[in-house]
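Here the structure is a predicted model, which is why all the values come from computation and not from measurement. Computed from heavy atoms alone, side chains included, the values below leave out hydrogens, waters and symmetry copies. Within every chain, numbering begins at 1; the chains are lettered A, B, ... in the order of the sequence lines, protein sequences first and strands thereafter.
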There are 2 protein chains.
Amino acid sequence: MNAKVRISDVAKEAGVSVTTVSQILNGKGQRFSEQTRNRVYAVRDQLGYVPDFNARNLITRSAKTIGVLVPNIGNPFFSTFIRGIEKQAMKSQFIPVIFGAENDPDVERYYIEELIKRTVDGLIIASPTVGQEEMDHLLDKNHIPYLLIDQNPLNAGDRIETDDKTGACLAMRHLLELGHRKIALVFPKEPSDNIMRRYQGYCDILAEYQIEPQEDLLITTELTKKGGYLAAAELVKTDATAVFAANDELAIGLYRGLKERGKKIPEDYSIVGYDNIDLSQYVDPPLTTVEQPVYEMGKIAFQKLVERIKEPQKEADEILLPVKLITRQSTRELK
Amino acid sequence: MNAKVRISDVAKEAGVSVTTVSQILNGKGQRFSEQTRNRVYAVRDQLGYVPDFNARNLITRSAKTIGVLVPNIGNPFFSTFIRGIEKQAMKSQFIPVIFGAENDPDVERYYIEELIKRTVDGLIIASPTVGQEEMDHLLDKNHIPYLLIDQNPLNAGDRIETDDKTGACLAMRHLLELGHRKIALVFPKEPSDNIMRRYQGYCDILAEYQIEPQEDLLITTELTKKGGYLAAAELVKTDATAVFAANDELAIGLYRGLKERGKKIPEDYSIVGYDNIDLSQYVDPPLTTVEQPVYEMGKIAFQKLVERIKEPQKEADEILLPVKLITRQSTRELK
DNA sequence: TTGAAAGCGCTAACAG
DNA sequence: CTGTTAGCGCTTTCAA
């Protein structure tokens with residue numbers, strides 16, 4: 001059909017030079033007369049001119065794009081995070097390009113390289129399976145700013161995290177106040193920094209209550225529903241009366257595993273999750289959990305990164321987002 | 001740090017012309033001597049040369065990118081679909097750029113335009129909230145091939161769908177064989193084509209069993225957990241003994257709504273879902289549902305689109321993917 | 001106030 | 001077999 005409208009078409013139609021059009025359309029046209037400016041805008045609209053991205057990027061060396069890497073798009077926690085990012089992105093000139101890295105360093109590396117090739121302006125990485133030294137190498141070398149989520153960066157960039165330690169403390173205090181003393185912790189074998197902070201909180205509160213930590217109450221598994229399901233087998237061997245699960249997915253798997261073993265929640269086990277994913281209020285019984293402002297986190301992460309891209313020398317920000325305990329029916333007083 | 005290596009650097013270092021390097025590196029170098037070829041490859045590796053995408057795209061008018069629009073990344077059905085896409089994408093030269101349109105036509109339009117600006121090569125659209133005429137206008141005008149999922153396209157492009165009608169028949173037969181005669185259907189107010197096919201299946205089977213359809217057994221609601229939850233209120237007013245839910249999300253919401261009303265599954269209501277999302281085996285009781293090969297569907301969709309991009313004149317394909325019934329514990333014989 | 005001219009880094013006719 | 005030449009569509013000096 002109609003071939004693409006180029007800047008020269010606009011220039012010709014408006015009776016001005018290509019330079020003039022370019023300057024005006026890029027907001028650098030203060031020096032041109034109001035008349036010329038309006039004329040150019042009018043012609044632009046009339047012809048439906050849209051600047052060619054590739055041509056522009058070739059010069060500006062930017063694609064107005066931010067890459068986002070998450071371990072797993074299917075996890076509601078990350079999908080909410082992504083929704084936050086997308087929401088914020090619409091207010092900016094940048095678009096987010098999202099990938100699920102499937103916890104595979106090779107996949108992650110592949111995407112990072114692919115994104116670098118495409119001259120992304122920045123990266124939000126919520127799935128650092130690739131070693132941090134390598135990441136630094138890949139990214140710093142290319143002067144690409146990035147933001148790490150759930151993992152503390154080596155570099156001195158912006159930092160954005162939720163208050164995991166407090167979150168764990170809230171969960172633990174809740175269980176302790178209900179009278180539980182044998183509290184199992186179910187968490188991943190290779191915890192990321194944020195999970196480690198939850199583990200810290202677990203330990204701190206036990207210490208505060210002068211409870212000796214029990215080796216067998218520390219159950220490690222995969223951070224998925226399946227992982228939780230499998231952990232149930234371990235759990236029932238212990239004398240635990242309550243469980244703090246590192247996230248809700250895990251807790252939901254645990255539900256299934258325990259039910260299949262004829263255990264009742266909360267009669268036999270009080271369970272606290274973490275994340276407050278959408279689903280947690282639909283399971284039976286609705287899950288007591290710690291809510292993180294993930295959606296906010298996505299928005300802020302994107303915004304911070306855009307700011308950093310625009311102003312690379314800006315002082316690094318450090319943001320700590322609050323958490324809160326949502327009490328539902330999966331926990332009850334120990335009789 | 002080190003400025004970017006350009007093709008001219010490679011050419012100089014290898015003692016050949018820029019053309020030679022370009023041709024060889026783009027696999028069009030059969031005509032050059034083996035010696036030259038190897039030399040160029042060697043220098044490329046040595047210098048770590050990576051072609052500039054923007055410069056290349058400017059000429060080829062392609063960004064080796066395929067846009068993917070889904071209604072909602074959080075829905076496990078779509079996240080699995082996306083995983084299939086990503087899997088397949090890694091085998092191609094294309095990267096998928098994924099967006100959740102939040103069922104908002106404006107958002108969808110925004111992304112489509114943003115993608116066109118960036119010269120995407122093709123689009124997979126699983127969330128056609130924007131009217132099809134408009135879509136055709138936007139995309140056909142720009143000669144961008146696209147694939148519609150869950151919705152039949154107006155144009156004569158490739159078509160890929162799952163056998164929804166058979167799926168619905170499987171679900172219904174299962175319930176009827178268990179003795180149910182009062183079967184409610186819970187589905188969205190504005191059904192997409194694939195949901196309509198399920199509705200057809202529902203009707204057909206009722207007809208086959210010579211059961212008069214009951215108005216009040218057709219419950220419409222939003223296609224979400226929340227929607228299912230709300231539908232429970234309608235459901236309990238009817239004399240239904242079984243429910244066919246248009247998807248698993250809906251069924252899970254229904255679970256919660258029914259439980260809050262003191263109803264038991266499957267004792268009071270037998271429930272069949274659709275999709276077999278990951279979660280459906282974790283809920284209590286595990287959900288009987290119809291499985292669609294979503295992951296496969298993602299892979300095939302991506303592959304087909306890439307084929308079409310490479311060969312625009314190719315004859316349109318039509319692919320029908322099979323479904324199957326997964327029987328779990330949410331259905332039982334009517335006593 | 002404006003525009004001519006010089007590229008950005010690459011690919012691809014076309015000529016040797 | 002190889003290189004010269006001419007752009008892709010845009011931004012950005014710099015001169016008028």
Side-chain angles (χ1 to χ4, degrees), chain A residues 2-41 43-44 47-65 93 116-121 142-143, chain B residues 2-41 43-44 47-65 93 116-121 142-143:
Chain A
N2 42 16
K4 203 170 169 181
V5 180
R6 280 150 313 164
I7 194 170
S8 56
D9 299 323
V10 179
K12 194 181 297 172
E13 184 71 20
V16 297
S17 79
V18 165
T19 310
T20 306
V21 177
S22 171
Q23 296 285 7
I24 291 176
L25 260 28
N26 286 313
K28 296 175 185 170
Q30 303 82 334
R31 54 188 175 127
F32 297 98
S33 72
E34 175 112 19
Q35 202 187 13
T36 310
R37 293 220 295 268
N38 292 147
R39 170 83 131 297
V40 169
Y41 287 128
V43 174
R44 189 261 315 261
L47 265 47
Y49 167 68
V50 177
D52 183 292
F53 243 73
N54 293 127
R56 163 182 275 170
N57 294 348
L58 175 55
I59 298 167
T60 59
R61 341 226 93 258
S62 141
K64 293 273 185 244
T65 297
Q93 295 283 48
I116 291 176
K117 274 192 207 165
R118 284 153 212 259
T119 59
V120 275
D121 299 282
N142 287 285
H143 310 288
Chain B
N2 42 15
K4 205 169 167 183
V5 179
R6 279 150 313 164
I7 195 171
S8 57
D9 299 324
V10 178
K12 194 181 297 173
E13 184 71 21
V16 297
S17 80
V18 165
T19 309
T20 307
V21 178
S22 170
Q23 296 284 8
I24 291 177
L25 259 30
N26 287 314
K28 297 175 185 170
Q30 304 83 330
R31 54 188 174 127
F32 298 98
S33 71
E34 176 113 19
Q35 200 186 13
T36 310
R37 293 221 294 268
N38 292 147
R39 170 85 131 296
V40 169
Y41 287 128
V43 174
R44 190 262 314 262
L47 265 44
Y49 167 69
V50 178
D52 183 295
F53 243 73
N54 294 127
R56 162 183 277 171
N57 293 348
L58 176 57
I59 297 166
T60 60
R61 343 225 91 261
S62 142
K64 292 273 183 247
T65 296
Q93 296 283 49
I116 292 176
K117 276 192 207 167
R118 285 152 212 263
T119 60
V120 276
D121 299 282
N142 287 284
H143 309 287

Expressed as a whole number of angstroms, how long is the span from [X]:[atom1] to [N]:[atom2]?
X	N	atom1	atom2	value
A:F53	D:dC10	CZ	P	12 Å
A:D52	C:dG9	CG	P	17 Å
B:I24	D:dC1	CD1	C1'	10 Å
A:L25	D:dG9	CG	C1'	14 Å
A:N57	C:dC10	CG	C1'	14 Å
A:D9	D:dG9	CG	P	9 Å
A:Q30	C:dT2	CD	C1'	14 Å
A:E34	C:dT1	CD	P	11 Å

For B:N54 and for A:F32, find the nucleotide of DNA chain C with the closest heavy atom, then tell me which residue's nucleotide is more 5'.
-> A:F32
Can a salt bridge be assigned to the pair A:R6 and A:D9 using a cut-off of 4.0 Å between side-chain N and carboxylate O?
-> yes
Which heavy atom of [X] sits nearest a heavy atom of [Y], and at what distance?
X	Y	answer
A:K64	A:Q93	CB-O, 3.7 Å
A:V5	A:V10	CG1-CG2, 4.2 Å
B:F32	B:R37	O-NH1, 3.1 Å

Are more than 12 heavy atoms from other residues, nucleotides or ligands located less than 6.0 Å from atom CZ of A:R39?
-> no
Is the distance from OP1 or OP2 of D:dT2 to the nearest side-chain N or O of B:S33 less than 4.0 Å?
-> yes
Throw together a table of side-chain donor-acceptor distances under 3.5 angstrom for residues 18-31 of chain A, partners on residues two or more places apart or in other chains.
unit_1: A:T20; atom_1: OG1; unit_2: A:S17; atom_2: OG; d: 3.0
unit_1: A:N26; atom_1: OD1; unit_2: A:R56; atom_2: NH2; d: 2.7
unit_1: A:N26; atom_1: ND2; unit_2: A:S22; atom_2: O; d: 2.9

Using the closest heavy atom to pick a nucleotide of DNA chain D for each, name whichever of A:S8 or B:G15 lands nearer the 5' end.
-> B:G15
Close N/O contacts between protein and nucleotides 11-14 of chain C (under 3.5 Å):
unit_1: C:dT11; atom_1: OP1; unit_2: B:N26; atom_2: ND2; d: 3.0
unit_1: C:dT11; atom_1: OP1; unit_2: B:R56; atom_2: NE; d: 3.1
unit_1: C:dT11; atom_1: OP1; unit_2: B:R56; atom_2: NH2; d: 3.1
unit_1: C:dT11; atom_1: OP2; unit_2: B:S22; atom_2: OG; d: 2.9
unit_1: C:dA12; atom_1: OP2; unit_2: B:K28; atom_2: NZ; d: 3.0
unit_1: C:dA12; atom_1: N6; unit_2: B:T19; atom_2: OG1; d: 2.8

Compare the minimum distances between each of C:dC8, C:dT1, D:dG3 and the side chain of A:L58, then state the nucleotide with the smallest one.
-> C:dC8
Nucleotide of D:dG9, C:dG3, D:dC1 approaching B:R61 most closely (side-chain heavy atoms) | D:dG9
Can you tell me if A:N54 and B:T119 form a side-chain donor-acceptor pair at under 3.5 Å?
-> yes
